[in-house]
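See below for the structure under consideration.
In listed order, ligands and their atoms are each counted from 1. For reference, positions follow the sequence shown, starting with 1.
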Amino acid sequence: MSDELVDAIADMRDEEAVELARRLLDGGTPPAEVLGDCRTAMAIVGKRFEDEEYFIPELILAGETLRAISEIVKPRMTGSADTAKNGTIVLGTVQGDIHDIGKDIVSFMLDVNGFEVFDLGVDVPPETFVATVREVHPEVVALSGFLTLSFDAMKETVQALEQAGLRDDVKIMIGGGTVDDNVREYAHADAYGSTATDAVNLAKNWTGVEAR
Ligand code: B12
């Protein structure tokens with residue numbers, strides 16, 4: 001772990017943070033480790049926000065810093081993509097939630113691992129998930145959410161798929177923020193994951209591609 005990078009992000013030294021991340025990557029630090037540092041820093045930012053030491057502008061700046069770093073990290077992440085697509089995945093941040101940095105990393109990782117990803121963006125209503133599943137027949141639906149409120153939206157999305165008669169046609173994974181097995185149970189999803197790598201491994205298992 002690089003304390004320097006964690007501190008630079010958490011202390012809002014945005015330009016320095018991006019430069020440090022670039023230097024670490026150029027020096028051979030694995031991309032996943034750099035993302036791990038970002039996650040540690042974001043937990044600190046989140047705590048400072050809870051403690052009212054930081055406010056919305058800091059959340060926004062931290063979000064922008066992270067996005068800038070993930071743009072440098074992405075091209076250095078390699079996957080096992082082959083030309084044939086491994087399967088189709090419909091992904092989105094659930095209704096009421098606009099956090100998309102984690103979702104975008106999941107989208108990218110699924111893509112480089114050979115999945116066709118229909119990324120519906122943020123604040124996606126259940127009906128949009130239902131319509132897209134009807135249209136593209138994915139094997140997997142992936143729901144992202146960072147707010148406690150999103151747990152209800154995840155549940156409603158799963159229910160909407162059930163009501164549309166599509167639930168048995170797809171596997172549903174959820175993730176983001178504090179999502180855990182209790183949330184999975186609450187939302188009636190098939191699995192949850194804490195990282196983009198979990199998302200890739202779940203998708204591989206469900207589509208019969210050997211998980212690494
Ligand atoms: C940046 C940020 C923002 C930015 C988001 C920018 C953006 N474009 O995404 C902005 C400023 C917009 C924002 C707004 C708000 N935020 Co905010 N935000 C954050 C912060 C600091 C970081 C989130 C983040 O991007 N993390 C980085 C990524 C990379 O995280 P990650 O978890 O490692 O991602 C991995 C996994 O989640 C997983 N994953 C993600 N999706 C999926 C899906 C599947 C299927 C799987 C398997 C895995 C998976 O893979 C990712 C990659 O490995 C968090 C604090 C925190 N600790 O997370 C608060 C936090 C999430 N926000 C919070 C709050 C309260 C808000 C606001 C309500 C604030 C307000 N009063 O307006 C609004 C809500 C707006 C809305 N309607 O959504 C709270 C949520 C509290 C709660 N329990 O509900 C947090 C926890 C801060 C806090 N501690 O209070 N926020």
Can a donor-acceptor pair be found between the side chains of [X] and [Y] at a distance below 3.5 Å?
{"X": "Ser150", "Y": "Asp97", "answer": "yes"}
{"X": "Asp198", "Y": "Tyr192", "answer": "no"}
{"X": "Tyr54", "Y": "Arg48", "answer": "yes"}

Under 4.0 Å, heavy-atom basis, I'd like to know which part of [X] is in contact with ligand 1: side chain, backbone, both or neither.
{"X": "Met173", "value": "both"}
{"X": "Ile174", "value": "backbone"}
{"X": "Leu143", "value": "backbone"}

Contact atoms of ligand 1, heavy-atom distance to [X] under 4.0 Å:
{"X": "Ile60", "value": "11 (C)"}
{"X": "Asp97", "value": "78 (O)"}
{"X": "Arg67", "value": "8 (N)"}
{"X": "Gly176", "value": "37 (O), 39 (N), 40 (C), 41 (N), 42 (C), 49 (C)"}

Look at [atom] and say whether a protein heavy atom is found at less than 4.0 angstrom from it.
{"atom": "atom 54 (C) of ligand 1", "value": "no"}
{"atom": "atom 76 (C) of ligand 1", "value": "yes"}
{"atom": "atom 81 (C) of ligand 1", "value": "no"}
{"atom": "atom 19 (C) of ligand 1", "value": "yes"}

Quick check: [X] and ligand 1, any N/O pair under 3.5 Å apart?
{"X": "Val106", "answer": "no"}
{"X": "His99", "answer": "yes"}
{"X": "Lys103", "answer": "no"}
{"X": "Glu50", "answer": "yes"}

Run the salt-bridge test on [X] and [Y] with the 4.0 Å N-O cut-off and return the result as yes or no.
{"X": "Asp111", "Y": "Lys74", "result": "no"}
{"X": "Glu19", "Y": "Arg22", "result": "yes"}
{"X": "Arg184", "Y": "Asp190", "result": "no"}
{"X": "Asp26", "Y": "Arg76", "result": "yes"}

Open item on the list: A quick test of your reading: do over 12 heavy atoms of other residues, nucleotides or ligands sit less than 6.0 Å from CD of Glu53?
Closed with: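 Enclosed.
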Task: Residue Glu4 excluded, over 12 heavy atoms near CD under 6.0 Å - done: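 Not buried by this count: 12 neighbours or fewer within 6.0 Å.
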Task: Spacing of OG belonging to Ser2 relative to CG belonging to Leu24, to within rounding of 0.5 Å - done: 4.5 Å
Out of [options], indicate the one that has the non-hydrogen atom closest to [atom].
{"atom": "atom 84 (O) of ligand 1", "options": "Thr40, Thr148, Val45", "result": "Thr148"}
{"atom": "atom 52 (C) of ligand 1", "options": "Ala196, Gly193, Gly177, Ala62", "result": "Ala196"}
{"atom": "atom 68 (C) of ligand 1", "options": "Asp100, Ile89, Leu147", "result": "Leu147"}
{"atom": "atom 41 (N) of ligand 1", "options": "Ala199, Ser194, Ser144", "result": "Ser144"}

Open item on the list: Any heavy atom of Glu64 closer to ligand 1 than 4.0 angstrom?
Closed with: no
